[in-house]
Amino acid sequence: MSNNIQEMQNVKSLREVNIKDKRVLIRVDFNVPMDSELNISDDTRIREAIPTINYCIDNGAKSIILVSHLGRPQGRSNEFSLKHILKRLERLLAKDVVFVDNLENAQVTLNTLVDGSIVLLENIRFHEGEEKNNPELSQKLASLCDIYVNDAFGTAHRKHSSTYGIANFAKEKVAGLLLKKEIDSFAIALSNPLRPLLLIVGGSKVSSKLTLLKSILDVVDKIIIGGAMSNTFLQAVGYDMKNSLIEENLLEEARNILRNAKEKGVKIYLPVDVVSTDNLKEPKEIKISPAQDIQEGLMAVDIGPATVKLFNEVIRDCETIIWNGPLGVYENQKFSRGTFSISHTIADTYSYSVIGGGDTADAVDKAGNKDGMSFTSTGGGASLELLEGAVLPAFEVLDKRV
Ligand code: ADP
Ligand code: 3PG
Ligand code: MG
């Protein structure tokens, strides 16, 4: 296993090419969460791209063109314009950035700029061709640069013009510093890791993480299952989960996973008690009970105190921990204790810890443990596909080390 990781680690990095006086196009992932007034609520992804941009400035690039998507727009709209992130980017770089809202004008604008200028292109998904990996769009983007740099780990699982097709036309195509950092950090956890290796998986949908659970059985020693994921597994072993969120059509699949895990010697830990409620938004009743004894009409929304103790013991015994998916509805403070407690324990251990998934990273941040983790990925879907054993398309098309 982890052949996919080794293959992805073999891509050429920005540090291995000469960028002096070259036009460098960097695909970044500035797809940051924003509130209803279009204020950035978490700028981590912008911050994480700064080292690559600074590296290009410091090493004398002639021009730096930044390309990103924001959200999932249907055509042009103010809501999804990247102009809303321009100020933050300029502040983080401590430099002016030229905003180009029309790709057709990009070349002309570039010709008028002094050497060392930085340009931010408008949301690339305003072009219909982007998600269709349209060759014309790919070629147009490639024509703006001498070197294509991919630093958008969050979008590395997409075969789009700016993440995939562009490589067909770019002369040199390399990984940015963030892309490298991501893959090297996952490599520590997956290629020859310190054992025991533990996967903690939670979140709301079993279906979205089923492939992961199947493929990871060959890699990990232990798996903790929590969140709504565990509801399906508990129902599958015969408990009545009452009003809890479960995926009825996956009960058989859940039993298969438990059986396969046993055959392979992988230990799976499920909650022994749960916090349940009648209503997520306006809870009138909140109960703690054994997982077998959920009251009629209630749904499980967090792991209970006995489970927290059990899971914490498992965590303290492991040397490498990968965590994807909150263990409860952590957005509501009343149902966040399980997730936050697990987060504190991981942060307190000396083990190597990798956090993947947008909500998991948010939960760790809200628990105050951001600095306590060894590595927090900027990718949700991308990290999931990587853990499933895939070679991510963005890596596939970059130049390889010989
Ligand atoms: P990530 O973004 O880290 O991959 P997911 O998107 O898979 O995580 O899952 C996060 C969501 O799962 C959160 O919104 C959380 O409220 C929800 N969730 C966790 N546990 C439960 C539960 N027991 N019932 C309903 N929703 C849950
Ligand atoms: C993400 O937020 O997961 C990435 O930016 C990819 O966005 P997408 O799921 O809309 O392709
Ligand atoms: Mg999520």
Side-chain angles (χ1 to χ4, degrees), residues 27-34 42 44-46 48-49 68-74 80 82 123-125 130-131 151-160 162-164 200-210 212-213 225-235 241-247 270-271 274-277 279-281 283 291 294 298-304 307 322-339 342-343 354-366 376-387 392-394:
R27 178 36 160 120
V28 285
D29 189 337
F30 288 167
N31 185 26
V32 290
M34 290 195 187
D42 178 2
T44 306
R45 281 181 166 174
I46 307 174
E48 290 287 341
S68 179
H69 74 287
L70 177 64
R72 293 176 177 174
Q74 309 288 321
F80 293 113
L82 277 173
N123 190 343
I124 194 66
R125 287 195 186 167
E130 165 66 357
E131 287 170 79
D151 214 24
F153 182 77
T155 327
H157 56 319
R158 304 287 182 222
K159 280 190 179 175
H160 295 171
S162 66
T163 62
Y164 194 73
I200 305 174
V201 68
S204 46
K205 279 169 88 184
V206 178
S207 49
S208 66
K209 294 177 186 176
L210 205 65
L212 166 66
L213 281 174
I225 305 180
M229 289 274 291
S230 58
N231 296 339
T232 301
F233 278 82
L234 290 170
Q235 182 93 5
M241 298 307 286
K242 304 285 164 52
N243 282 11
S244 305
L245 188 66
I246 60 163
E247 288 177 81
L270 291 168
V274 295
V275 177
S276 55
T277 187
N279 189 301
L280 271 179
K281 291 222 173 78
I294 300 172
L298 302 192
M299 60 183 124
V301 287
D302 194 8
I303 53 174
T307 307
I322 304 167
W323 184 14
N324 181 301
L327 303 185
V329 184
Y330 76 96
E331 297 93 334
N332 185 332
Q333 180 248 330
K334 294 189 172 87
F335 313 129
S336 64
R337 288 185 67 166
T339 302
I342 292 313
S343 171
V354 179
I355 309 302
D359 291 302
T360 318
D362 182 46
V364 165
D365 190 17
K366 290 204 165 88
T376 304
S377 176
T378 55
S383 66
L384 207 57
E385 289 193 24
L386 180 149
L387 290 171
L392 303 177

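Remember, it's 1-based here, ligands and their atoms both numbered in the order they're listed. Atom set for the values below is all heavy atoms of this structure, side chains included, hydrogens, waters and symmetry mates excluded. All figures in this text were calculated on a predicted structure; none of them were measured in a lab. In this chain, numbering begins with 1 at the start of the sequence shown.
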Any idea which protein heavy atom is nearest [atom], and the distance to it?
atom                    : result
atom 26 (N) of ligand 1 : Val329 CG2, 3.6 Å
atom 17 (C) of ligand 1 : Ser204 CB, 3.9 Å
atom 13 (C) of ligand 1 : Glu331 OE2, 3.2 Å

Any nitrogen or oxygen of [X], side chain or backbone, less than 3.5 Å from one on ligand 1?
X      : value
Gly202 : no
Asp359 : yes
Lys205 : no
Tyr330 : no

(message) Once you restrict to heavy atoms under 4.0 Å, what part of Lys209 touches ligand 1? Side chain, backbone, both or neither.
(response)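 Only the side chain of Lys209 comes within reach of ligand 1.
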
(message) Residue-level breakdown please: for Ser244 versus ligand 1, do any non-hydrogen atoms fall below 4.0 Å on the side chain, on the backbone, on both, or on neither?
(response)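 Within the 4.0 Å criterion, Ser244 makes no contact with ligand 1.
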
(message) Just to verify, which of Arg125, Lys159, Arg158, Arg27 counts as forming a salt bridge (charged side-chain N to carboxylate O under 4.0 Å, His left out) with Glu130?
(response)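 The salt bridge (charged side-chain N to carboxylate O under 4.0 Å, His left out) with Glu130 is passed solely by Arg27 among Arg125, Lys159, Arg158, Arg27.
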
(message) Geometry only, no angles: is Arg158 polar-contacting ligand 2 at N/O separations under 3.5 Å?
(response)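 So ligand 2 has an N or O lying under 3.5 Å from an N or O of Arg158.
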
(request) Answer yes or no for Glu131: is there a heavy-atom contact with ligand 2 below 4.0 Å? (result)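 It does not, in that no heavy atom of Glu131 comes within the 4.0 Å cut-off of ligand 2.
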
(request) Tell me, please: is Arg45 in heavy-atom contact with ligand 2, that is, under 4.0 Å? (result)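 Arg45 counts as a contact of ligand 2 under the 4.0 Å cut-off.
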
(message) Under 2.8 Å from the Mg ion (ligand 3), which protein N, O or S atoms do you find? Ignore water molecules.
(response)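 The answer is Asp359 OD2.
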
